[in-house]
Amino acid sequence: MTDPSHRRTALYDAHLALGARMVPFAGYEMPVQYRDGVLTEHRWTREHAGLFDVSHMGQARLRGVAPLAAFEEVTPGDFIGLKPGKLRYSLLLNHKGGIIDDLMAGRPDDDGLYLVVNAGCKEGDFKWIANELAGQVKIERLEDHALLALQGPMAAAVLAGHIPAVADLGFMETTRLNAFGTDVIVSRSGYTGEDGFEISLPNEIASDVWALLLKDERVRPIGLGARDSLRLEAGLPLYGHDADETISPIEAGLTFAVSKRRRDAGDFPGSSRIRRELDGDLSRIRVGLRVLEGAPAREGAEITDASGAVVGKVTSGGFSPTLSTAIAMGFVPPALSLVGTPLSVIIRGKSQPAQVVAMPFVPHRYFRKS
Amino acid sequence: MFFTKDHEWIKVDGDVATVGISTYAAEQLGDVVFVEVPDLGKVLTVGDSLAVVESVKAASDVYAPVSGEVIEANGDLAAAPETVNADPEGTGWFAKLKITDPGQLEGLMDRTAYDAFLASL
């Protein structure tokens, strides 16, 4: 599939050499799977270490006189309190408290904030931040940098073989250091629910580092297909599906991303709506569903209550390789959001039984320093 | 065995046709995790959805290559959907139809024509 309108990451040739099936995604040609296929790649990541090319994501530096304080004007997170070496999951909010994107923001060093945003949103995100924070910050896009994710229970042992210092990082910690002969940013983070790392490095060395990591027999390349099934099992929302500009952090089940201090101060975009929602005026909330029999429920499938009334829609769903059952996320009224609530999903006109279950569907195994 | 441009295959024995998807289609779909086969007695017109195959990523329709009535469905696929990947042109069949219009078979490709069609994709 060759489409000149689609961009390629620095690893495009490496993907082809590994037999990847390339698909258009967020304006890029990306590997949806390699020769092993989605199920095998998914299981490999849960049991060993999977290597992902996520260079399509938007990396940038946010600099200014007070970049941490400025960034609080567009997010509900505590960034003034973000210590050097820490990474935080946060949300870019519009003036109505709707989610423009979800992102990672960290302090690998003292050089402002390091941001990673979703590929499909990056142009809009950086424009939004630049406009909202005009005069306060400067954004430097890191388009000449690739981003690799190494995820899975063996990721730490593999990466420590190349960069011993990563053994000292805890989950959601980030650092800039010298490795592979250059400056890289390594964060202990990811979107699979497993322990793992994200490595930002110059495009020129991306394919060498990719090949070096793949030389380790514990590591295999993993495509976007398994990335999606892994994040679904981990209960993590996919922007544009489980979160969008009409959905608030509370509705999306991301209340943890609204810091206590910011909540009390009510000083972030859409804070009045979020205050009302926290006080109980909430019409919908994201839940996890286990489809008890029948076909997997996909995005758009209607959710009905016991009486057959439509109460919501599935926003992402599929087959869970770990649980060998169909799982989904969707939005329902809070009264129907309790774990154990019996619901149904409508698939090709047929009603199939489902049940609200706790997320993550598969337990997270992040590395926490004691 | 005959093939359609949508990558179904059909094997005819008297007035009974067995339907499945080609090896090429199974490879394109990737890991099959669920198959919905038709109910017995269902009367299908050529082009109707005969089965639905779900891979990890997406659902795909399998279309009836000819018109007919469903006289048997492959019940083994409910417990073992991966058979569609392992043996797509054999035990991974979906349904058997009682053909109502044998003339519809004439528009289908034989193996040589299908291979040429795949080469042109």
Side-chain angles (χ1 to χ4, degrees), chain A residues 1-2 19-23 25 30-45 222-233 238 241 291-301 314 316-328 345-350 352, chain B residues 6-7 21-45 47-64 70 73-88 92 94-95 117-121:
Chain A
M1 189 178 305
T2 304
R21 185 177 302 165
M22 305 300 284
V23 297
F25 181 82
M30 298 299 291
V32 67
Q33 64 167 76
Y34 299 88
R35 290 193 185 100
D36 285 343
V38 178
L39 282 182
T40 303
E41 291 173 23
H42 180 112
R43 292 184 178 125
W44 186 268
T45 306
I222 311 295
L224 291 182
R227 181 170 164 82
D228 190 51
S229 54
L230 288 159
R231 71 91 203 161
L232 179 65
E233 286 186 345
L238 179 62
H241 303 264
V291 181
L292 302 175
E293 58 186 68
R298 307 285 182 182
E299 181 176 5
V314 167
S316 60
F319 179 79
S320 161
T322 304
L323 303 172
S324 288
T325 185
I327 57 174
V345 287
I346 310 296
I347 298 162
R348 296 186 282 277
K350 283 184 201 157
Q352 295 179 191
Chain B
D6 294 319
H7 310 288
I21 57 170
S22 69
T23 302
Y24 171 84
E27 278 170 8
Q28 289 296 308
L29 281 174
D31 301 307
V32 172
V33 295
F34 182 86
V35 180
E36 188 176 288
V37 293
D39 295 331
L40 292 186
K42 190 171 179 183
V43 176
L44 298 167
T45 303
D48 283 354
S49 176
L50 174 139
V52 179
V53 183
E54 301 255 5
S55 69
V56 183
K57 273 302 274 182
S60 308
D61 279 302
V62 177
Y63 302 105
V70 177
N74 189 350
D76 294 344
L77 297 181
E82 64 275 11
T83 310
V84 177
N85 294 115
D87 189 16
F94 298 131
F117 170 67
L118 290 182
S120 75
L121 295 180

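Below, chains carry the letters A, B, ... as their sequence lines are ordered, and counting in each starts from 1. As the structure is a prediction and not an experimental result, all values here were calculated from the model.
Residue with the most contacts toward chain B among A:Q33, A:R21, A:H42, A:E299: A:R21 (heavy-atom pairs, distance under 4.5 Å). The most heavy-atom pairs under 4.5 Å with chain B, out of A:G318, A:A295, A:G225, come from A:A295.
For B:V52, the part sitting under 4.5 Å from any heavy atom of chain A is the side chain, from C-beta outward, and nothing else. For a residue to count as touching a neighbouring chain, one of its non-hydrogen atoms must lie under 4.5 Å from one of that chain's; by this rule B:A59 touches chain A with backbone and side chain alike. Of the atoms belonging to B:E54, heavy atoms from both backbone and side chain fall under 4.5 Å from chain A.
Nearest heavy atom pair, residue A:R298 against residue B:S55, reads NH2-O, 2.7 Å. Between B:V33 and A:F319 the shortest heavy-atom distance is CG1-CD2, 3.4 Å. Smallest separation of non-hydrogen atoms from B:D31 and A:L39: OD2-N, 2.8 Å.
Counting heavy atoms of neighbouring residues, nucleotides and ligands inside a 6.0 Å radius, atom CZ of B:F117 exceeds 12 of them.
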